[in-house]
Amino acid sequence: MINLLPVIKQTLLITLFVMSMMLIIEYLNVFTKGLWSKGLEKSKWKQVLLGTFLGVIPGCLGAYTAVSLFVHDIIGNGALVATMIATSGDEAFVMFTLFPEKALMLNLIIFIIAVLSGLLTDRFFKKKFLSHASEKHLHVHEIPECNGFTPKTFWSQLKHITPTRALMLVSILFFVTFILLDEHISGGIFHNLINLGAAEPKDSDPIWIKITFFSVITLSTIVILIVNDHFLEKHLWAHIIKKHFSKIFLWTFFTLFLIGILMKHFDIHQLIQQNMYWVLVAAVLIGIIPESGPHLIFVILFASGNIPLSILLASSIVQDGHGSLPLLAESQRSFVVVKLINMAVGFLIGLAGLAIGI
């Protein structure tokens with residue numbers, strides 16, 4: 001029987017980070033009346049570049065951010081495709097550890113492929129993948145409902161704190177306390193996030209993951225503390241928490257649970273065949289799995305000289321670690337379309353690489 005505790009820990013961590021990013025984005029858009037995102041909305045190539053930069057950030061946090069921007073209708077199809085092509089999940093850390101120079105070269109190649117693929121996607125897919133994209137997720141009203149911070153209003157809101165604000169603050173405090181206690185007692189929720197399903201578990205966690213996570217949580221807490229009651233109730237609670245939290249949590253949990261069962265009963269090493277073209281097919285198919293872990297087999301095989309760069313390149317293009325889990329929760333159609341595009345790109349690039357002998 002699969003151990004549910006690591007799955008629950010992963011789910012909590014992913015959900016908390018995604019929700020925090022959504023709160024921050026919602027606040028920035030309303031506070032600036034949408035000015036910060038208008039430049040992106042009018043420029044597809046800027047969206048694609050932003051998505052690619054977010055994707056090449058090691059780990060899945062950049063991909064989570066891109067999904068939040070996509071759901072909020074700030075970036076389009078091409079930017080999302082570019083992000084997922086450029087994202088290699090936690091495998092990026094292993095690659096930079098085992099073969100840093102080749103990993104850098106690999107990321108440069110993927111960066112170019114991601115940009116070109118994103119631009120082509122925007123050219124051929126005019127209608128957005130997300131069916132409800134026409135309804136802006138980031139609502140900007142004419143009335144000044146997101147006033148600037150003043151100490152007077154801050155202390156007044158704390159003194160007369162609403163049940164909703166209290167609940168959100170207590171929930172964040174509970175989650176952060178749980179994470180810190182877990183770090184101290186059982187080796188860490190971050191450690192479980194990285195090593196669940198990994199071929200070769202790592203002894204320590206990259207410190208940047210903890211820094212990024214707690215920075216985002218801190219910013220979202222500040223937003224909850226300083227916004228007025230109207231903004232808190234109408235935007236943060238009604239629009240973000242009530243509409244998104246349950247979907248992201250449940251989809252993430254059941255996806256990770258299913259993956260855990262499959263990995264417990266099937267040996268993915270059997271997918272590796274002596275024929276490199278079948279290995280390429282396996283790399284592309286395994287890339288569908290929205291999980292960091294199964295893809296490490298191709299990283300290890302490349303490091304040991306058993307597969308060429310083209311196979312690892314195809315695997316890195318198709319797979320995106322946990323990065324697409326929030327997208328799966330928000331729009332299954334978008335998840336399928338993006339995966340199909342990335343599979344096509346990865347398979348073609350892998351075929352071309354094998355043909356020229358790289």
Side-chain angles (χ1 to χ4, degrees), residues 10-11 13-26 29 37 40-41 44 47-48 50-52 54-55 60-87 89 114 117-118 120-139 235-236 238-259 287-292 317-346:
Q10 278 191 311
T11 304
L13 189 64
I14 292 172
T15 303
L16 182 57
F17 182 85
V18 172
M19 298 307 299
S20 297
M21 282 301 307
M22 286 186 170
L23 293 179
I24 294 169
I25 292 172
E26 185 87 3
N29 189 76
S37 62
L40 286 177
E41 292 173 351
K44 293 296 184 182
Q47 294 179 22
V48 170
L50 174 63
T52 306
L54 289 173
C60 304
L61 302 186
Y64 294 161
T65 303
V67 171
S68 295
L69 294 173
F70 178 76
V71 169
H72 285 87
D73 205 18
I74 294 174
I75 63 174
N77 299 332
L80 183 66
V81 167
T83 301
M84 295 307 172
I85 286 178
T87 298
S117 300
L120 287 173
T121 298
D122 277 333
R123 183 175 180 85
F124 290 104
F125 291 86
K126 303 297 184 181
K127 186 177 180 180
K128 195 164 184 180
F129 302 150
L130 201 62
S131 59
H132 58 274
S134 60
E135 300 177 4
K136 296 289 185 180
H137 267 323
L138 290 175
H139 303 290
H235 288 268
L236 302 189
H239 179 61
I240 298 296
I241 304 298
K242 290 181 68 176
K243 287 188 177 181
H244 298 282
F245 180 85
S246 60
K247 285 198 300 182
I248 292 175
F249 182 89
L250 292 174
W251 268 100
T252 301
F253 174 81
F254 284 112
T255 301
L256 292 178
F257 179 72
L258 177 60
I259 290 170
I288 299 173
I289 302 173
E291 162 75 23
S292 286
I317 289 172
V318 181
Q319 73 100 354
D320 39 55
H322 299 93
S324 60
L325 279 178
L327 181 64
L328 178 61
E330 288 291 338
S331 171
Q332 295 78 53
R333 177 177 180 272
S334 298
F335 175 86
V336 171
V337 174
V338 170
K339 276 295 185 182
L340 287 175
I341 294 174
N342 290 4
M343 287 173 66
V345 173

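For reference, positions follow the sequence shown, starting with 1.
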* Atom pair CD1 (I75) and CG (L69), whose distance is rounded to the nearest 0.5 Å -> 5.0 Å
* Asked: Say you draw a straight line from CG of D122 to CG of L80; how long is it, rounded to the nearest 0.5 Å?
  -> 10.5 Å
* Between I289 and Q319, is a side chain to side chain contact (heavy atoms under 4.5 Å, CB included) present by the stated rule, with each step listed? -> CA-CA 7 Å; I289 302 173; Q319 73 100 354; over 6 Å; no
* Structure fact -> One should read off an interatomic distance between L54 CG and T65 OG1, to the nearest 0.5 angstrom, of 6.0 Å
* To do: Taking the side chain as every heavy atom from C-beta outward, state whether F70 and S331 have any atom pair closer than 4.5 Å.
  => no
* **Verdict with supporting geometry, L325 and F335, side chain to side chain contact (heavy atoms under 4.5 Å, CB included)** => CA-CA 9 Å; L325 279 178; F335 175 86; over 6 Å; no
* Minimum heavy-atom distance K339-V318, with the two atoms named -> NZ-O, 3.1 Å
* Asked: About how many Å separate OG of S334 and CG of L327, when rounded to the nearest 0.5 Å?
  -> 5.5 Å
* For T87, enumerate each residue passing the side chain to side chain contact (heavy atoms under 4.5 Å, CB included) test, keeping only those at least two apart in sequence or located in another chain. => A63, T83, D320
* Stepwise side chain to side chain contact (heavy atoms under 4.5 Å, CB included) check, V67 with M84 -> CA-CA 10 Å; V67 171; M84 295 307 172; 3.5 Å; yes
* Identify, with sequence neighbours excluded, every residue that meets side-chain hydrogen bond (donor to acceptor under 3.5 Å, both in side chains) alongside S20. => S220
* Under 4.5 Å between any side-chain heavy atoms of I341 and F125, yes or no? -> yes
* Point-to-point distance, once rounded to the nearest 0.5 Å, from OG of S68 to CD of E330 -> 8.5 Å
* Asked: Just by modelled atom types, is the A79 backbone N or O under 3.5 Å from a matching donor or acceptor in the Q47 side chain?
  -> no
* Residue list, side chain to side chain contact (heavy atoms under 4.5 Å, CB included) with A82, at least two apart or on another chain -> V48, T52, A114
